[in-house]
Protein chains: 2
Amino acid sequence: MPDVEFWYDFASSYSYPAAMRVEALAAERGLALDWRPFLLGPLFAAQGWRDSPFNLYPTKGRYMWRDLERTCDALGLPLARPEPFPQNSLLAARTALALDAADRPAFSRAVYRAEFGAGRRIDDPETLAAALAGLGVAPGPALARAVDEANKAALKTQTARAAALGLPGAPCLTTPDGEVFWGNDRLEQGLDWARDHPSAERGPT
Amino acid sequence: MPDVEFWYDFASSYSYPAAMRVEALAAERGLALDWRPFLLGPLFAAQGWRDSPFNLYPTKGRYMWRDLERTCDALGLPLARPEPFPQNSLLAARTALALDAADRPAFSRAVYRAEFGAGRRIDDPETLAAALAGLGVAPGPALARAVDEANKAALKTQTARAAALGLPGAPCLTTPDGEVFWGNDRLEQGLDWARDHPSAERGPT
């Protein structure tokens, strides 16, 4: 079983730097990651939000964009705000989930680079096809698998599990002992925790 | 002029570890801090929140308490949840503002220790009187100054300035060049920024 699960939504701005950083940070600690695309929409809807909190609360949104700009500058990552924000991430999430697990991390990074690094739309199948082709995965069959009923159901199940785990947003890390670490700024802490609590011990009280 | 302003609300849970850490972190970087108590209530009300977002959004609240517990454990700080949460921070903020600036940091830390370290009510003048007495400040005159009209107006002005600065929550650091850093987890980054951008240069674009 993988040590740590990395939960992300392709619409989530802070998931971009997290996705670009998390694999190297896990490897440094000898941890394997399970990449878990999910949809924030149903979790937000359950809290009464019909849009991103960054749009619903403009003060928070203005802060986020500047904070993300500083974060990306420090990491040497390009940042281009996609329009509209948030992007509809349904097809990207389905496509990521339909892939072999070994292809999922590189595909996910390619989607984030297109979206937040180059400002491209990710509800456009062309964007996803280009990301797939860049990995050497044939786009046609992958995009067809993305929308088959079993895969659609699998994304619903995965999103329901995210809700059951109590994820307050994205990105999150979850550990075998039941801890949740939310945010790009919690990656190091969450991975340190997983390294230091290797077995499924008792969760938080 | 002080290099960096530290903005905090006594009701804010993450302001507790931040208040306990920030002065040493600033001193390590050769920076002076101006401690700025303010009230989040009016800023939240402007976003339509009549209670703490940690109460309005229970998933977020559950996450916060566990995250804060891990944070305090790592720092060796005691954590006791005050009831009710959030505490009414009006009198504590007025009292902090009425003090000489030199007494404000130690008083503020004493209030946070009582509230989040020992679970005491901070709308009880006895809690504030104990914090004042611990500093060698006579409680009676300080609490009287807290509620004089000029001091009440000064807290309103300070809170209006927090809103004008676009603070999305508490704690925050603000730098002379107009940057805002939100959260206990941004203290190091904000202070590094202030050290590396010492003059009032152009603010964020």
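Everything numeric in this text was worked out from a predicted model, so none of it was measured. Order of the sequence lines sets the chain letters (A, B, ...), proteins ahead of strands, with each chain counted from 1.
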- Task: Could you tell me which portion of B/Tyr57 (side chain, backbone, both or neither) has an atom closer than 4.5 angstrom to a non-hydrogen atom of chain A?
- Result: both
- Note on the structure: residues 162-169 of chain A vs chain B, non-hydrogen distance cutoff under 4.5 Å, contacting residues -> A/Gly166, A/Leu167, A/Pro168
- Message: So which residue, B/Gln189, B/Met64, B/Arg186, ends up with the most heavy-atom pairs under 4.5 Å with chain A?
- Response: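 Highest number of heavy-atom pairs under 4.5 Å: B/Arg186.
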- Message: Let's go through B/Lys60 and A/Trp182 carefully: what are the C-alpha distance in whole Å and the side-chain angles of both, what is the deciding distance for side-chain contact (heavy atoms from CB on, under 4.5 Å) to 0.1 Å, and is it a yes or a no?
- Response: CA-CA 10 Å; B/Lys60 202 167 170 173; A/Trp182 177 27; 4.2 Å; yes
- Heavy-atom pair of closest approach, residues A/Arg70 and B/Val180: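 Shortest heavy-atom separation between A/Arg70 and B/Val180 comes out as NH2-O, 2.8 Å.
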